[in-house]
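A quick write-up on the structure given underneath.
Heads up: numbering here begins at 1 and tracks the sequence.
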Amino acid sequence: MRTNMIKTRILVVDDDPTTRLLISNTLECNDFIFYEAVSGEDALKFMDESQIDAVILDVHLLGEMNGYDVCKRMRLCPGGQFIPIIMITGDKDFSAITKAYEAEATDFITKPLNFDLLPYRLRYLLKTNEDWKELLSHRHQLIAAKRIAAIADWSYDIRKNIVSWSDELFSMLDITPIPISIHEKILDYIHDDDRTIIKQAINELFANHREYEVEFRIRTNNFEIRYVYEKTEVLYDDNHNPIYFFGIIQDITKRKEAEKEIKFLAYHDSLTRLPNRAMFLEQLELSLIRAKRLDQPLAILFMDLDDFKKVNDAYGHGIGDQLLIEVGIRLSNYLKECKLASQNLFFFSDIQGHPLARFGGDEFIILLQNHITPESVVKVAEKLISIINKPFEIDNESFLISTSIGISLFPHDGETATDLLKNADAAMYQAKKTNKNLFRFYDKLTNDSLLRRVNIEKELFKSISHLEINFVYQPIINFKDTAINAFELLMRWTHPLFGNVSPEEFIPIAEDLNLTDNLTAITLQYAEIAYQKLTRFSDNIALGINLSVRQFYSNSLLSTLNDAFAKNLIQPEKLIIELTETIVMTNYEKSISILNDLQKLGVRVYLDDFGKGYSSFEYLVSLPVNAIKIDRSFVIDAEQDERKQTIIKGLISLAHGLNLTIIAEGVGNKHIATFLAENGCDQGQGYYFSKPTNLETFIHDGKILIEGKKA
C-alpha cells in the first residue's frame with residue numbers, strides 16, 4: 001500500500017500545451033506529481049524509464065500513434081495492465097468511447113473537461129486500482145482471477161455437478177456461511193427487479209455455455225441494498241468440452257455512490273446543494289414545452305441579494321458562504337410549504353424537490369408553473385422578500401439583508417428560455433436600481449433602458465452624420481526597446497444630454513440602425529488622418545482599429561478597405577484590425593474566409609480580449625491571425641495571483657509556439673510590465689504606459705515620445 005509520504009504520480013499525454021498546463025495545474029493543486037508527454041512514443045518511453053501510478057491520455061496526439069494505439073501498447077508494458085488509464089474523448093462521441101474501452105482504457109472523460117471533478121475521479125480510480133492489485137496478488141487461488149478483479153467467487157464443476165462459493169459471498173450477503181450446492185439458492189438474495197436478467201444470463205451459461213458480465217442489486221440479510229458486478233468464464237478441456245464455470249462477484253456500491261455524487265455535482269451547486277444553472281435550464285426548457293402544449297402560463301422569479309458584497313468585504317467569504325446556505329434553506333423550506341398547500345402551483349424537480357436554483361454568486365431563481373396568475377405570483381414575491389428580510393443568525397452575529405426580484409411571465413414576456421431569463425434579469429436590475437428590497441415585473445414599454453435606447457437612436461444618427469463621433473489613441477509598447485509599435489484607436493461619443501456614451505452601448509444601436517458601414521468609414525477616416533500625421537515622424541508605427549460583429553461581416557468591408565488603400569492615405573501593412581473571439585466565432589467558416597482576404601491585402605489581424613470568450617485553442621491553430629491580446633482581466637492584478645501568472649506564461653508560450661505575437665492589455669504598473677517582459681511577452685498596453693488620449697499628446701519636438709522614451 002502507498003504511504004502518505006509518497007505522492008501519486010500522473011502521466012499527462014496530450015499534444016495541446018494549454019490543456020496539459022490546465023490539467024497539470026489541477027493535479028498540482030491536489031497534491032499529485034505530474035509528468036508530461038506530447039506523443040505516444042514519448043509516453044511509452046517514459047513508461048519504460050519511470051514508474052507512474054496513472055495516465056491521462058488524449059485520443060489525438062503528435063506522431064504516428066493515436067491515443068487508442070498508445071493505450072494498447074501501455075497495457076503490454078511491464079506492470080501496464082495494472083495502471084489506470086483515463087482517455088479524453090470528444091463530447092458525446094460514443095464511437096470514441098467504444099474505442100477507448102476496446103483499447104482497454106480504464107475510464108474516459110468527455111470534452112470540455114470538468115477540472116473540478118478530475119481529482120475526485122482520479123482518486124476513485126486509484127483507490128479501486130489499489131484494491132484490484134491487492135486482490136490479484138492472491139490470483140493463484142483461481143486461474144480465472146488472473147483476469148478478473150474479485151471480492152467473491154464461485155465455480156461449478158460440470159462433471160461433478162457441484163457449485164462452490166467463497167466465504168466472501170456470505171459476508172457480502174451478511175449471512176453465516178452454509179453449504180450451497182445449487183445456484184438458485186443465491187437468486188433469493190437478488191433484487192426483485194433484477195432477478196429476471198440474472199436468471200436469463202445463468203440459463204444461457206448453463207445451456208449454451210455463453211459467458212456473461214452484468215451489474216445488478218442484491219438485498220443483504222439485513223435488508224441493505226448493494227450493487228454488485230458479476231462476470232463469468234468457461235474452462236474447456238483439450239477437446240474443447242466445458243468442464244468448469246467460473247464467476248466473480250464484486251461489490252461496486254462505493255463506485256455507484258461515487259458516480260451518483262459526480263452526477264449530483266454536475267447538476268447542483270457545491271455550496272448550497274441546490275440545483276445549479278445547468279439543471280435549471282434543462283428544467284425550464286422542459287417546462288416551456290409543457291406550458292406551450294397545455295397553453296398554460298409560467299413565471300420566472302430572478303432574485304439577487306442586495307449589497308451582498310458588503311457582507312463578504314466586512315466579514316469574509318466564510319460568513320458570506322454561510323449566509324448563502326441559510327438563504328437557500330429558507331427559500332427551500334418556503335417552497336416545500338407551498339407544495340403542501342397547493343400541489344398544482346409549482347413544477348417540482350424529481351431530484352431536489354422544488355424549482356429553486358442557485359444561478360451563481362448571490363443570485364437565486366425560481367420557476368412557477370401551472371395554475372398561476374399575476375396575483376398569485378405577487379403573493380409569492382412578497383413572501384420571498386418577507387422571509388429574506390428576517391434576521392440571519394450566524395456565528396452569534398445577526399445579519400439583515402434584503403433582496404430584489406425581477407419577474408418575467410410566459411408567454412407575455414417571451415417564449416424562449418433565453419428571453420424569459422433575460423427579461424427577468426432586466427426586471428431585477430430595474431428593481432435594484434429603483435430602491436432595492438422590492439420586486440418588478442418586466443415591462444418593455446416603461447423600461448428605462450428601452451427609453452434610453454429610443455432617445456439614443458434619435459441622436460446617434462445625427463451624431464454620425466455630423467461626424468460628432470471622436471477617437472482617442474492608446475499606444476502599444478514593445479517590451480524589448482520600449483518603442484511605440486502601434487496606436488489603438490478607441491471610439492468615443494460625448495453627447496450634451498447623455499454625456500459620455502460607451503461604445504458597448506451605442507455601437508449595437510448603430511448596427512440595428514444599419515449604420516455599420518458609416519462607423520467603418522469614420523474609423524478608417526480617423527486612421528488615415530492619424531497615419532498622415534505619424535508618417536512625418538516615424539515609418540514604423542501602425543494603427544489598430546476595432547470592428548464590431550456587423551462591421552466585420554459586412555459585405556462592403558473589403559471594398560471599403562481597398563478604396564482606402566487605393567487613395568494611398570494609409571498602407572495595408574500599417575493597419576491592424578482587432579477582433580474579439582466572440583466576433584470570430586459568430587460564423588467561424590465565414591470568418592476564416594474574411595481573415596484570409598485581409599491577410600492577402602496585407603492587413604494585420606489581432607485577436608482581442610483573448611481568454612475572455614471562447615478561448616478555443618483548436619480554432620486558434622487554424623485562424624489566420626497575426627497576434628493575440630491577453631485580456632486585461634488576467635493582467636491587472638497578476639502580481640498578486642500566481643494562477644494568473646501561470647496562465648499568462650502559458651499563453652505566451654502558446655503564442656510563440658504558433659508563431660504569433662503576444663500582447664498584454666491592462667498593464668497598470670511597473671511590476672506587471674517587468675513580469676511580462678521577463679517572461680517573453682512581446683508587447684504591452686495599459687495605463688502604465690499611457691491612458692487613451694489625443695494623438696498630439698505623443699508628438700514632441702518632431703518625435704513620437706512616451707514618458708520621455710523615443711518611439
Side-chain angles (χ1 to χ4, degrees), residues 18 112 418 469 471-474 476 485-493 501-512 515-517 519-520 522-524 526-527 542-554 557-558 560-561 575-599 603-636 644 647-648 650-652 654-655 658 660-667 681-686 692:
T18 303
T418 300
I469 302 293
F471 287 82
V472 291
Y473 303 80
Q474 188 173 34
I476 300 175
N485 276 39
F487 284 100
E488 181 181 2
L489 280 71
L490 300 170
M491 192 177 293
R492 296 291 184 264
W493 180 32
V501 185
S502 70
E504 289 78 10
E505 182 177 9
F506 72 78
I507 287 180
I509 297 175
E511 292 178 333
D512 290 342
L515 299 174
T516 302
D517 294 338
L519 289 179
T520 303
I522 292 174
T523 304
L524 280 174
Y526 273 86
L543 291 160
I545 63 174
N546 295 277
L547 296 184
S548 66
V549 174
R550 293 192 184 180
Q551 285 178 288
F552 177 62
Y553 290 107
S554 171
L557 173 63
L558 294 175
T560 302
L561 291 174
L575 184 65
I576 299 168
I577 291 180
E578 297 195 12
L579 304 165
T580 64
E581 298 173 71
T582 303
I583 292 174
V584 174
M585 298 307 299
T586 300
N587 187 333
Y588 181 71
E589 293 183 0
K590 188 173 182 180
S591 294
I592 293 293
S593 176
I594 297 174
L595 291 173
N596 282 324
D597 289 336
L598 292 174
Q599 295 289 351
V603 176
R604 282 180 280 173
V605 179
Y606 288 1
L607 199 57
D608 198 11
D609 299 337
F610 190 77
K612 187 177 181 180
Y614 291 84
S615 299
S616 173
F617 304 111
E618 178 183 355
Y619 292 136
L620 186 60
V621 172
S622 57
L623 283 175
V625 298
N626 304 93
I628 59 176
K629 299 181 75 174
I630 305 174
D631 185 74
R632 58 183 286 110
S633 62
F634 294 102
V635 179
I636 52 176
K644 290 186 177 182
I647 292 173
I648 291 173
L651 291 175
I652 292 172
L654 171 67
L658 297 174
L660 298 175
T661 300
I662 184 79
I663 303 166
E665 297 181 301
V667 181
C681 188
D682 299 313
Q683 301 171 26
Q685 181 179 7

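The distance from the CG atom of Asp608 to the CD1 atom of Ile628 is 11.0 Å, given to the nearest 0.5 Å. We find the CZ-CD distance between Phe552 and Glu578 to be 13.5 Å, quoted to the nearest 0.5 Å. Between the CG atom in Leu660 and the CD1 atom in Ile652 there is a gap of 13.0 Å [rounded to 0.5 Å].
Closest approach of Cys681 to Ile662, counting heavy atoms only: SG-O, 3.7 Å. For Ser591 against Ile583, the heavy-atom pair with the smallest separation is OG-O, 4.1 Å. Summarising the geometry of Thr661 relative to Asp682, their closest heavy-atom pair is CA-OD2, 3.4 Å, with the distance given to 0.1 Å. Leu561 approaches Leu575 most closely through the heavy-atom pair CD2-CD2, 3.8 Å. Smallest separation of non-hydrogen atoms from Glu581 and Phe610: OE2-CA, 3.1 Å. The two residues Pro624 and Asn596 make their nearest non-hydrogen contact at CG-OD1, 3.4 Å.
A donor-acceptor contact under 3.5 angstrom links the side chains of Gln551 and Ser548, judged on distance only. Remark: the Ser554 side chain and the Asp517 side chain contain an N/O donor-acceptor pair separated by less than 3.5 Å.
Contact annotation: the side chain of Arg550 approaches that of Asp512 to within less than 4.5 Å [non-hydrogen atoms, C-beta and beyond]. Contact of the Ser502 side chain with the Arg492 side chain is not registered, since no non-hydrogen atoms from C-beta on lie closer than 4.5 Å.
Between Phe471 and Tyr526, the ring-plane angle classifies as tilted under the 30° and 60° cut-offs.
Each of Asn546, Ile545, Val472, Leu519 was checked for a side-chain contact (heavy atoms from CB on, under 4.5 Å) with Met491, and the lone residue meeting it is Leu519.
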